[in-house]
Amino acid sequence: MMEAIGFKVKKILRELRFLQAKPQMALYNLLMWFLLLLIPLLFLLKKIVEVKEIKLQLPPSPPQLPIIRNLHQLGALPHQSFMKLSQKYGPVMLLKFGHIPLVIISSAEAAREVLKIHDLNTCNRVQLTGTRKLTYNYLDLAFAPYGDYWRQMRKICVIELFSSKRVQSFRFIREGEVASLMDTISQSASSATPVDLSEKMFALTASIVFRMAFGQIFQGSDLDNHKFEKLIRATEYFMGGFTTEECIPYAGWIIDRLNGYHAKLEKVFHELDTFFEKAINDHLKPERKIQGQEDIIDVMLKIEKDQIKPGEAQITKDNIKAVLLDIFLGGVDTSAITVVWAMSELARNPRLMKKAQEEIRNCIGKKGRVTEDDIDQLPYLKMIIKETLRLHPPAPLLPPRETTSHFKVNGYDINPKNLIQVNVWAIGRDPKYWKNPEEFYPERFINNSIDFKGNNFEYLPFGSGRRICPGIHIGLITSEIALANLLYCFDWKLPNGMKKEDINMEEASGGSLVISKKTALNLVPVNYLQ
Ligand code: HEM
């Protein structure tokens, strides 16, 4: 034993001497040893990963490029690109955006598994640079991680802000704004001038949200018209997308710097924050008296003042601002987009337009305006809205969720920390669930119990599960009352020289959560009530 140790010590000494004598040679030897050890180690690691991947049956993936992986397949309208890919790779696909794994769900069955059976594993939202900044570090509802804070905010939104009682209390705002829009359109009708319905609908929903949330008149406010639309688009862009650094760590930040991502994000944040700050401060002025109806800021400030529940997060100004942001994003664009698509489809289908007008005019007679009480007696109008949301869901891809643990969908393994998105647009156009899916055919909903509550997985315009849209009621009633009055008060003609086939039905690209019609819808109103 002692002899063996002695031998080893002599050997080391010999090598040390050798090292001193020929340092380059020694370095070479060390390197060889290192490589000899490294190669089997790498081989072993690869085997472990392979065995793990064979055991895990991951969803199919389209071929990938180095570094960017599937990013090049994204396209300007991701929901359309994903639908094409899913026709080849199936309803559960695994894509990689750089290093971000993203599972795309494109069938009702798989959506049911994700949003119903595994809702708890998928109801976290992904945390991204843009959303973090604009939501005051996830103090809103829509992007807050699933947990106690989200539950607290959801309760406030469902019980206090978007309850049926609260929605009903804002009825006079919706009816008032719709009435004044009809008066404006009536003037255009007198001079047979085309009306830009895209612009008018955006201004209408913005006016409703401004009065409902901030108690302010939109026209003439700090964020009037184009400035506001630009701000909303920019906000949607930053809320919906990844930075290049998030997709390609280490190098992506260079691209973000070059295209000014962070500076632009700061600017949008500053504009929103200044507006919210001023609106809240106006509500805090001692001379302010609530005249009639409380608005959303009043309600939130009351919650801030009265909060006593131990264990719950303290509501501060930043929480209020973050919730106001959700209302901006959820409340303005979605309803406006829905009415514009509905009017575009009807302008292309005069028979359906006439049928809808007859229903409304027979019901309302010469009353002059459709009110919210009338809406329940207009089943065809409701079917038109339903069909519009099937073919043109304002959020064609549900906002990305992050998986929190491993589970299976359609037999495929889904890993934790993957993003998952349901392609509502693709499912709504799948011939497996819908006869002649590309046709705008509201009658398909006759004697059909499909609704918006997130239990019919072939139809998910408002999402499903714990994260389902809490603003369904406001969104629907706003779209319905606006569309009903447009159809009741006016007949609609195409501008001179235009044929119905010329109406552009393309979607606007822009990489945001909400997709609108690419070109404005211009129609000529003709007064029905003279
Ligand atoms: C036609 C109108 C609307 C449509 C199509 C729509 C659609 C959606 C969709 C698809 C989601 C995601 C659901 C999911 O992840 O499963 C959502 C979430 C949300 N919507 Fe809406 N929405 C509309 C109107 C509104 C309105 C008017 C408001 C508020 C004033 C609103 C506030 C929200 C909020 C706060 C969330 C996030 C909920 C959460 O994460 O817990 N939405 N909406």
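Order of appearance sets the numbers: ligands from 1, and atoms from 1 within every ligand.
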Tell me, please: is S464 in heavy-atom contact with ligand 1, that is, under 4.0 Å?
-> yes

Would you mind reporting whether Y380 and K355 have side-chain heavy atoms less than 4.5 Å apart?
-> yes

Sub-3.5 Å N/O-N/O distance, R125 and ligand 1 | yes

List every atom of ligand 1 that sits less than 4.0 Å from any heavy atom of L398, numbering the atoms from 1 in the order shown and giving each element.
-> 10 (C), 16 (O)

Identify, for atom 41 (O) of ligand 1, the protein heavy atom at the shortest distance, and state residue, atom and that distance.
-> R154 NH1, 2.8 Å

Considering the options V422, L95, N418, which one meets the side-chain contact (heavy atoms from CB on, under 4.5 Å) requirement together with V103?
-> N418

So, F328 versus F214, ring centres under 6.0 angstrom or not?
-> yes

Could you tell me whether R429 sits above the aromatic face of W434, with NZ or CZ closer than 6.0 angstrom to the six-membered ring centre and within 45 degrees of the axis?
-> no

Write out the residue and atom name of the closest protein heavy atom to atom 24 (C) of ligand 1, then the distance separating them to 0.1 Å.
-> G330 O, 3.3 Å

Numbered atoms of ligand 1 (with element) below 4.0 Å of W150, judged on heavy atoms | 39 (C), 41 (O)

Does K227 pair with E271 as a salt bridge, N-O distance under 4.0 Å?
-> no

Considering only non-hydrogen protein atoms, determine which one is nearest to atom 12 (C) of ligand 1 and report residue, atom name and distance to 0.1 Å.
-> P399 CD, 3.6 Å

Which residue supplies the protein heavy atom nearest to atom 4 (C) of ligand 1, what is that atom called, and how far is it?
-> F462 CE2, 3.3 Å

So which bit of P461 gets within less than 4.0 Å of ligand 1, heavy atoms only: side chain, backbone, both or neither?
-> backbone

Are K417 and E402 ion-paired here, with the side-chain N under 4.0 Å from a carboxylate O?
-> yes

Is the Y433-F457 ring centre distance short of 6.0 angstrom?
-> no

Salt bridge flag under 4.0 Å for residues R444 and E439 | no

Applying a 4.0 Å heavy-atom criterion (strictly less than), which segment of F162 is in contact with ligand 1: side chain, backbone, both, or neither?
-> side chain

One finds that the ligand 1 atoms under 4.0 Å from a non-hydrogen atom of P394 are 5 (C)

To the nearest 0.5 angstrom, please state how far the CG atom of N124 sits from the CZ atom of R466.
-> 12.0 Å

Any Lys/Arg nitrogen of D273 or K278 sitting under 4.0 Å from an Asp/Glu carboxylate oxygen of the other?
-> no

Between L141 and ligand 1, find which residue part has any heavy-atom pair under 4.0 Å and reply side chain, backbone, both or neither.
-> both

Among protein heavy atoms, which sits nearest to atom 17 (C) of ligand 1, and what does the distance come to when rounded to 0.1 Å?
-> C469 CB, 3.4 Å

Nearest to atom 13 (C) of ligand 1, what protein heavy atom do you find, and at what distance?
-> R467 O, 3.2 Å

Compute the minimum heavy-atom distance from M153 to ligand 1 and say whether it is under 4.0 Å.
-> no

for atom 34 (C) of ligand 1, nearest protein heavy atom and its distance come out as P470 CD, 3.4 Å

shortest atom 16 (O) of ligand 1-to-protein heavy-atom contact is with R401 NH2, 2.7 Å

Hey, which of R288, K302, R211 is the one that makes salt bridge (Lys or Arg N to Asp or Glu O under 4.0 Å) with D295?
-> R288

